[in-house]
2 protein chains.
Amino acid sequence: MAHAEFWYEFASTYSYPAAIRVEALAAERGVALVWRPFLLGPLFAGQGWRDSPFNLYPVKGRYMWRDLERICAALGLPLTRPEPFPQNSLLAARVALALGDSERPAFSRAVYDAEFGRGRSIDTPATLGALLADVGVAPAPLLARAVEDSNKAALKAQTARAVALGLPGAPCLTTADGEVFWGNDRLEQGLDWARAHDPTAQKERR
Amino acid sequence: MAHAEFWYEFASTYSYPAAIRVEALAAERGVALVWRPFLLGPLFAGQGWRDSPFNLYPVKGRYMWRDLERICAALGLPLTRPEPFPQNSLLAARVALALGDSERPAFSRAVYDAEFGRGRSIDTPATLGALLADVGVAPAPLLARAVEDSNKAALKAQTARAVALGLPGAPCLTTADGEVFWGNDRLEQGLDWARAHDPTAQKERR
């Protein structure tokens, strides 16, 4: 089966519609997804940015918010700007990574819905615990596991892999043959590519 | 008739496929286009950039070139990276602006084809004169008109209008109701918007 990795950052605005859309798009194409939460901070720091480029470059920021309004309106998704922007996404990313692959997508969508759909803060154990409960996961043991050293190290390693893969931002799709597709507006193209360049299918055909 | 303005910069990579695609997309939707060459330099200087952000931020630059390769391959367009990148686009923009609205699109496509299709420099009167001749315009008088003070001032004014409209980069489509759509990947959406929000059609319906 073709597969792809979906890379997302909870503070990233365009990751919101992408996270809502990507699973159905992958299923339509028979592509198996692995969800990869990571942190943009280290990528941005490598480019000299200590804040979101949408704050550092207000012209881009104003454009992005209007573009996102149009995208969400077309999808029928609510959009409420969280304050402050960007949100501190460290704990949410640790929690998402501590979950199993099967639980991670629903939790991640719940975080985005709280943050950008309802404008909530996503940086406290209480908020994230409530979202875990909403998706059927017992909060206390998961929140404890999220802040264990091994999970912190795993998130660092995952972010280092994002840097090594050359991701320029979030969201991204990466494919088995090393392609990177950046942006909510590249999901269809990235998944089509994953299906067309599926290494397991080539092996089966031989 | 619905209309939209197509804003482009000759040094801009994503303006290349956009310039090749936009006219057919507009015609399919019954949208009249005005082609607006402008300069990104003043926009970028306002954000503190003295070079293309694709050079200043190599991770973004590497991604952009690969993304553009995939886009051009899918469209059957040749792609050759011009050296140096970005090209000096000042004279080309002046020439394009000095042309009439009806001659500007074909000349502009010819410039992009030379620059990104064949990797040629686009900064000399000789090169631009040959491209003018290719599209049926006598080069000498047009090249003379391009560097008259009034035409230089018109390009400055057009670029100032791009800044005032809040364009974050190139290419962009702008609509009569003040929307901005940035990127080759927003052409369809911008033209659909122009058609759906056509102020002349609303007047006719009243």
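By convention in this document, chain letters (A, B, ...) are assigned in the order of the sequence lines, proteins followed by strands, and residues within each chain are numbered from 1. Just so it is clear, the model here is predicted, and its values are computed rather than measured.
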* To do: Measure distances from Leu167(A) to the heavy atoms of chain B and classify the residue's part below 4.5 Å as side chain, backbone, both or neither.
  => backbone
* Structure fact -> Ranking Val180(A), Leu43(A), Val163(A), Leu56(A) by heavy-atom pairs under 4.5 Å to chain B gives rank one to Val180(A)
Between chain B and chain A, donor-acceptor distances below 3.5 angstrom:
residue: Trp49(B); atom: NE1; partner: Tyr57(A); partner atom: OH; Å: 3.4
residue: Tyr57(B); atom: OH; partner: Trp49(A); partner atom: NE1; Å: 3.4
residue: Tyr57(B); atom: OH; partner: Tyr57(A); partner atom: OH; Å: 3.0
residue: Tyr63(B); atom: OH; partner: Trp182(A); partner atom: N; Å: 2.8
residue: Arg66(B); atom: NE; partner: Glu179(A); partner atom: OE1; Å: 3.0
residue: Arg66(B); atom: NE; partner: Glu179(A); partner atom: OE2; Å: 3.2
residue: Arg66(B); atom: NH2; partner: Glu179(A); partner atom: OE1; Å: 3.3
residue: Arg66(B); atom: NH2; partner: Glu179(A); partner atom: OE2; Å: 2.6
residue: Asp67(B); atom: OD1; partner: Arg186(A); partner atom: NE; Å: 3.1
residue: Asp67(B); atom: OD2; partner: Arg186(A); partner atom: NH2; Å: 2.8
residue: Arg70(B); atom: NH1; partner: Glu179(A); partner atom: OE1; Å: 2.7
residue: Arg70(B); atom: NH1; partner: Val180(A); partner atom: O; Å: 2.9
residue: Arg70(B); atom: NH2; partner: Val180(A); partner atom: O; Å: 2.8
residue: Glu179(B); atom: OE1; partner: Arg66(A); partner atom: NE; Å: 3.0
residue: Glu179(B); atom: OE1; partner: Arg66(A); partner atom: NH2; Å: 3.3
residue: Glu179(B); atom: OE1; partner: Arg70(A); partner atom: NH1; Å: 2.6
residue: Glu179(B); atom: OE2; partner: Arg66(A); partner atom: NE; Å: 3.2
residue: Glu179(B); atom: OE2; partner: Arg66(A); partner atom: NH2; Å: 2.6
residue: Val180(B); atom: O; partner: Arg70(A); partner atom: NH1; Å: 2.9
residue: Val180(B); atom: O; partner: Arg70(A); partner atom: NH2; Å: 2.8
residue: Trp182(B); atom: N; partner: Tyr63(A); partner atom: OH; Å: 2.8
residue: Asp185(B); atom: OD2; partner: Arg186(A); partner atom: NH1; Å: 2.6
residue: Asp185(B); atom: OD2; partner: Arg186(A); partner atom: NH2; Å: 3.4
residue: Arg186(B); atom: NE; partner: Asp67(A); partner atom: OD1; Å: 3.1
residue: Arg186(B); atom: NH1; partner: Asp185(A); partner atom: OD2; Å: 2.6
residue: Arg186(B); atom: NH2; partner: Asp67(A); partner atom: OD2; Å: 2.8
residue: Arg186(B); atom: NH2; partner: Asp185(A); partner atom: OD2; Å: 3.4

